Amino acid sequence: DAGVIQSPRHEVTEMGQEVTLRCKPISGHDYLFWYRQTMMRGLELLIYFNNNVPIDDSGMPEDRFSAKMPNASFSTLKIQPSEPRDSAVYFCASSLGAGKSTDTQYFGPGTRLTVL
Amino acid sequence: SQQGEEDPQALSIQEGENATMNCSYKTSINNLQWYRQNSGRGLVHLILIRSNEREKHSGRLRVTLDTSKKSSSLLITASRAADTASYFCATDSTLTFGKGTMLLVSP
């Protein structure tokens, strides 16, 4: 398996533009997680899905952020409109399970977003 | 959420020395995991220890867990320059992470 795939790897955009980050989880994994990492705040869980259904989106910073998982092999994280403070590395991760039988999370390489 | 907090924030050692980093958490757990992140990369799982285990080994890694103190430690023995990375712990189902321990191993 190719692992978790994220695209693009780097994104530079201007304030106010819409940004869409993409993730393809490992085939067969039921859980998908979106994280944001900055020096100031560390690694923050934004949202996670189980079987394509959003389970916990309490980490989504505000309404400008939205995430979808239309099928088991694809998820998007959208920021509209983007702001300079959204600049960060965004990671997608997937796992076979979570909860009482927590499974290992497999992380993608991340998307480095810069909002000018 | 059950967030793991790593300590120290940064650690600098020489090759061949042992590195110990700690993790504290707040509530009861089922297991605790340690991850490593090389600069510019995603996190990579290292080892998982269950709440009924006290110690676990994997190669040069040794993890301990003290549920009474709500703490865990990760020991890397005979460190190498390639061990230079940030190390994170995570607990519970949603695997929230702390800010990590940045380990620098000098040749």
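Please read these numbers as outputs of a predicted model, since none were measured by experiment. Here is how names work: the chains are called A, B, and so on, in the same order as the sequence lines, proteins then strands, and each is numbered from 1.
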If hydrophobic clusters are built from ILVMFWY residues whose side chains come within less than 4.5 Å, do A:Val89 and A:Ile79 share one? no

Keeping to residues at least two apart or across chains, list the ring-ring contact (aromatic ring centres under 6.0 Å, His included) pairs with something in residues 46-73 of chain B. none

Any A:Gln37 side-chain heavy atom under 4.5 Å of B:Gln37 side chain: yes

d(A:Phe91 CZ, B:Arg41 CZ) to nearest 0.5 Å is 10.5 Å

If I take atom OG1 from residue A:Thr104 and atom CD1 from residue B:Ile47, how far apart are they, to the nearest 0.5 angstrom? 10.5 Å

For the CZ atom on B:Arg60, are there more than 12 heavy atoms of other groups (residues, nucleotides or ligands in this structure) within a distance under 6.0 Å? yes

Roughly how far, to the nearest 0.5 Å, is OH of B:Tyr35 from CZ of A:Phe107? 6.0 Å

Counting neighbours of CD on A:Glu14 that are heavy atoms of other residues, nucleotides or ligands and sit closer than 6.0 Å, is the number greater than 12? no

Output yes when a side-chain donor or acceptor of B:Lys99 lies under 3.5 Å from a complementary backbone atom of A:Met39, and no otherwise. no

Distance (rounded to the nearest 0.5 Å) between A:Gln105 CD and B:Gln33 CD: 7.5 Å

Can you tell me which residue pairs pass the salt bridge (Lys or Arg N to Asp or Glu O under 4.0 Å) test with a partner in residues 26-55 of chain A, sequence neighbours excluded? A:Arg36-A:Glu44, A:Arg41-A:Glu44

